[in-house]
Amino acid sequence: MDLTLYNSLTRRKEAVAPIEPGHLRLYACGPTVYGPAHIGNARMAVVFDLLVRVARALFPRVTYVSNITDVDDKIIAAARASGEDIAAITEKYTLIYNEDMAALGCAPPDVQPRATAHIGDMVALVQGLLDRGHAYAADGHVLFHVPSYAGYGALSGRSREEQVAGARVEVAPYKRDPADFVLWKPAAPDEPGWDSPWGRGRPGWHIECSAMSQHHLGLPFDIHGGGSDLKFPHHENEIAQSCCAHGVLDDPATYARMWVHNGFVTVAGEKMAKSVGNILLAHDLLRAHEGAALRLALLSAHYRQPLDWTDGTLHAAAKNLAALRRAATEPGEVPTPVLGALCDDLNTPAAISEALRAAKAGDGAGVAATMDLMGLDRAAPKEAADPRIDALLQERQAARAAKDFARADAIRDQLAAEGVTIEDTPAGPRWQRSR
RNA sequence: GGCGCGGUGGCAGAGUGGUGAUGCAGAGGACUGCAAAUCCUUGUAUGCGGGUUCGAUUCCCGCCCGUGCCUCCA
């Protein structure tokens with residue numbers, strides 16, 4: 001079955017056909033590690049993890065690279081605010097990120113490069129751009145000269161004039177053109193920096209992804225992904241850098257052939273923002289909810305659509321997850337309609353619908369295979385043993401046997417008040433904490 | 001202002017040129033001492049106005065509404 005994806009670059013769905021036969025190579029822009037990941041970061045990780053899982057089912061070899069940005073103004077600011085060491089901060093949040101994403105069922109990328117481990121690659125790339133006349137040094141900075149690249153704007157679909165007209169910020173005086181962007185910037189003595197031909201400094205944001213994707217995947221590679229907000233300027237700038245550094249100016253696809261962008265998560269209809277105070281951290285949600293339920297909730301809307309996060313989203317996902325688990329047996333073949341939906345631009349809502357249909361039809365093997373493919377943990381988490389609750393349940397059973405229903409119901413009510421739900425099954429009572 | 005995306009039942013959310021998936025919630029029933037869980041049954045929807053067509057929710061135009069991006073936010 002062919003996998004088709006919507007290519008942001010060409011604005012249409014295209015069949016995925018690896019450039020190197022049988023080997024799909026993809027890169028997704030990962031997080032800047034200055035704080036814990038929020039549910040939006042999680043959506044990106046889950047979407048690309050799913051894409052990789054589907055790709056692995058279809059292609060003999062898949063190489064998935066997703067970076068960690070560990071040098072950035074925001075990290076420096078976070079270090080100043082907390083007094084912590086920069087390396088300690090990036091280390092800590094990288095660890096938390098990976099733990100949280102694992103809890104969401106995301107397999108680690110094949111390569112998770114860190115920007116600071118690729119400074120040399122970036123310097124070489126910047127030097128190449130200078131040599132080819134696409135960049136210039138000014139005031140301690142090295143800037144990419146946008147007018148030197150005629151293909152600029154191909155991804156975001158806007159002309160340079162349009163961007164300049166819409167610019168809301170003051171243009172730095174050292175820029176030759178308002179659209180020029182920083183490749184390398186000087187580092188203050190108390191900021192992290194690396195020696196370079198242009199003095200001690202640090203890389204601009206965009207250059208790291210150009211350097212790391214090229215280093216680990218080679219050029220051109222098949223799929224480049226990230227959040228839709230990265231389309232402009234980040235991905236546009238990556239294309240400009242990478243194409244110019246390699247002297248291919250007439251075809252943006254000589255960097256990455258397909259571009260895949262996931263939509264945003266809103267919370268109760270509002271964009272997540274610090275100013276609104278509605279940022280949902282994956283870490284916090286995982287404390288109260290099961291990772292697999294969160295994952296299913298994140299996949300309940302098509303990845304290119306915005307996803308509005310509400311209690312209802314999660315409630316429905318948890319119920320559906322339970323239904324799938326009930327139906328799942330030993331994994332067999334993924335039902336064709338499920339695979340078909342996933343192959344059609346990762347239509348997860350349709351895939352979930354088909355999986356529930358399979359569950360209802362008694363195709364336990366198909367359901368189990370679907371859950372494995374979609375990265376949904378088939379095992380429900382076990383409640384920790386609690387002798388006190390067990391004792392209360394025993395007392396309740398005795399009361400029921402003696403037809404002392406007032407006592408039995410009192411016990412049930414008491415546990416309910418503690419958030420413990422009792423289910424009476426043919427095999428005896430079970431309990432579970434509401435989460 | 002520029003570029004883009006979207007408006008489907010109470011809510012979430014797909015698809016489709018020919019009387020509209022799926023889930024959650026709701027209602028009724030089965031089961032239960034009563035519940036819970038589960039199972040069965042079930043009602044309700046395509047923003048507005050034109051156009052193309054035998055026929056439009058689906059294509060085209062206009063309008064209204066919402067929303068994203070516009071130099072470092074996934």
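In what follows, chains carry the letters A, B, and so on, assigned in the order in which the sequence lines appear, proteins first and then strands, with residues in each chain numbered from 1. Quick caveat: nothing in here was measured; it's all calculated off a predicted structure.
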Novice: Identify each atom pair where a protein N or O and an N or O of nucleotides 12-15 of chain B are less than 3.5 Å apart, giving names and distance.
Specialist:
unit_1: B:rA14; atom_1: OP1; unit_2: A:His302; atom_2: N; d: 2.9
unit_1: B:rA14; atom_1: O3'; unit_2: A:Asn347; atom_2: ND2; d: 3.2
unit_1: B:rA14; atom_1: O2'; unit_2: A:Asn347; atom_2: ND2; d: 3.3

Novice: Side chain to side chain donor-acceptor pair (under 3.5 Å) with A:Thr421: which residues, sequence neighbours excluded?
Specialist: none
Novice: For RNA chain B, write out the stems as range with range, using runs of 3 or more consecutive Watson-Crick or G-U pairs with both distances under 3.5 Å.
Specialist: B:1-7 with B:64-70, B:10-12 with B:22-24, B:26-30 with B:38-42, B:47-51 with B:59-63
Novice: Taking any heavy-atom pair under 4.0 Å as a contact, classify A:Gly226: base, sugar-phosphate, or nothing.
Specialist: sugar-phosphate
Novice: For the CD atom on A:Gln394, are there more than 12 heavy atoms of other groups (residues, nucleotides or ligands in this structure) within a distance under 6.0 Å?
Specialist: no
Novice: Partners of A:His206 by side chain to side chain donor-acceptor pair (under 3.5 Å), sequence neighbours excluded?
Specialist: A:His234, A:Asn237
Novice: Touch check for A:Gly263, heavy atoms < 4.0 angstrom, all strands: base, sugar-phosphate only, or nothing?
Specialist: base
Novice: Does A:Lys74 get its side chain close enough to the base of B:rC72, under 3.5 Å, for a donor-acceptor pair?
Specialist: no
Novice: What residues in residues 39-52 of chain A put a non-hydrogen atom under 4.0 Å from any atom of RNA chain B?
Specialist: A:Gly40, A:Asn41
Novice: Check A:Asp139 with A:Lys175, please: is the shortest side-chain N to carboxylate O separation under 4.0 Å?
Specialist: no
Novice: When the side chains of residues 364-376 of chain A are checked against the rest of the protein, which donor-acceptor pairs come out under 3.5 Å, sequence neighbours left out?
Specialist:
unit_1: A:Thr370; atom_1: OG1; unit_2: A:Gly366; atom_2: O; d: 2.8
unit_1: A:Asp372; atom_1: OD1; unit_2: A:Arg378; atom_2: NE; d: 2.9
unit_1: A:Asp372; atom_1: OD1; unit_2: A:Arg378; atom_2: NH2; d: 3.4
unit_1: A:Asp372; atom_1: OD2; unit_2: A:Arg378; atom_2: NH2; d: 3.1

Novice: Would you tabulate the pairs of protein nitrogen or oxygen atoms and nucleotide nitrogen or oxygen atoms of nucleotides 33-37 of chain B closer than 3.5 angstrom?
Specialist:
unit_1: B:rG33; atom_1: O6; unit_2: A:Arg400; atom_2: NE; d: 3.2
unit_1: B:rG33; atom_1: N1; unit_2: A:Asp409; atom_2: OD1; d: 2.9
unit_1: B:rG33; atom_1: N2; unit_2: A:Asp409; atom_2: OD2; d: 2.6
unit_1: B:rC34; atom_1: O2; unit_2: A:Arg412; atom_2: NH2; d: 2.6
unit_1: B:rC34; atom_1: N3; unit_2: A:Arg412; atom_2: NH1; d: 2.9
unit_1: B:rC34; atom_1: N3; unit_2: A:Arg412; atom_2: NH2; d: 3.4
unit_1: B:rA35; atom_1: N6; unit_2: A:Asp424; atom_2: OD2; d: 3.0
unit_1: B:rA35; atom_1: N1; unit_2: A:Asp424; atom_2: OD2; d: 2.9
unit_1: B:rA35; atom_1: N3; unit_2: A:Arg412; atom_2: NH1; d: 2.8
unit_1: B:rA36; atom_1: N1; unit_2: A:Asp424; atom_2: O; d: 3.3

Novice: With heavy atoms under 4.0 Å as the rule, sort A:Asn320 into base, sugar-phosphate or nothing.
Specialist: sugar-phosphate
Novice: Name all pairs fulfilling the salt bridge (Lys or Arg N to Asp or Glu O under 4.0 Å) condition that reach into residues 300-312 of chain A, sequence neighbours left out, sorted by first residue then second.
Specialist: A:Arg304-A:Asp345
Novice: Under 5.5 Å between ring centres and under 30° between planes: does that hold for A:Phe264 against the base of B:rA74?
Specialist: yes
Novice: Base, sugar-phosphate or nothing for A:Lys271? Non-hydrogen atoms, less than 4.0 Å.
Specialist: base
Novice: Output the residues of residues 357-366 of chain A in contact with RNA chain B, where contact means a heavy atom of the residue under 4.0 Å from an atom of the strand; sort by number or write none.
Specialist: A:Arg357, A:Lys360
Novice: With sequence neighbours left out, write down each residue that passes side chain to side chain contact (heavy atoms under 4.5 Å, CB included) with A:Arg80, or none if nothing qualifies.
Specialist: A:Ile76, A:Asp190, A:Glu191
Novice: Compare all side-chain heavy atoms of A:Trp184 with those of A:Ser196 and state whether any distance is below 4.5 angstrom.
Specialist: yes
Novice: By side chain to side chain contact (heavy atoms under 4.5 Å, CB included), which residues pair with A:Val16, not counting sequence neighbours?
Specialist: A:Leu3, A:Leu5, A:Leu24, A:Phe59, A:Ile223, A:Met258
Novice: Would you mind classifying the nucleic acid contact of A:His315 as base, sugar-phosphate or nothing, using non-hydrogen atoms under 4.0 angstrom?
Specialist: sugar-phosphate
Novice: Would you say that A:Pro186 contacts A:His141 through its side chain, given a criterion of any heavy-atom pair below 4.5 Å between the two side chains?
Specialist: yes
Novice: Once salt bridge (Lys or Arg N to Asp or Glu O under 4.0 Å) is applied, what residue pairs with a partner in residues 105-119 of chain A remain, sequence neighbours excluded?
Specialist: A:Arg56-A:Asp110, A:Glu91-A:Arg114
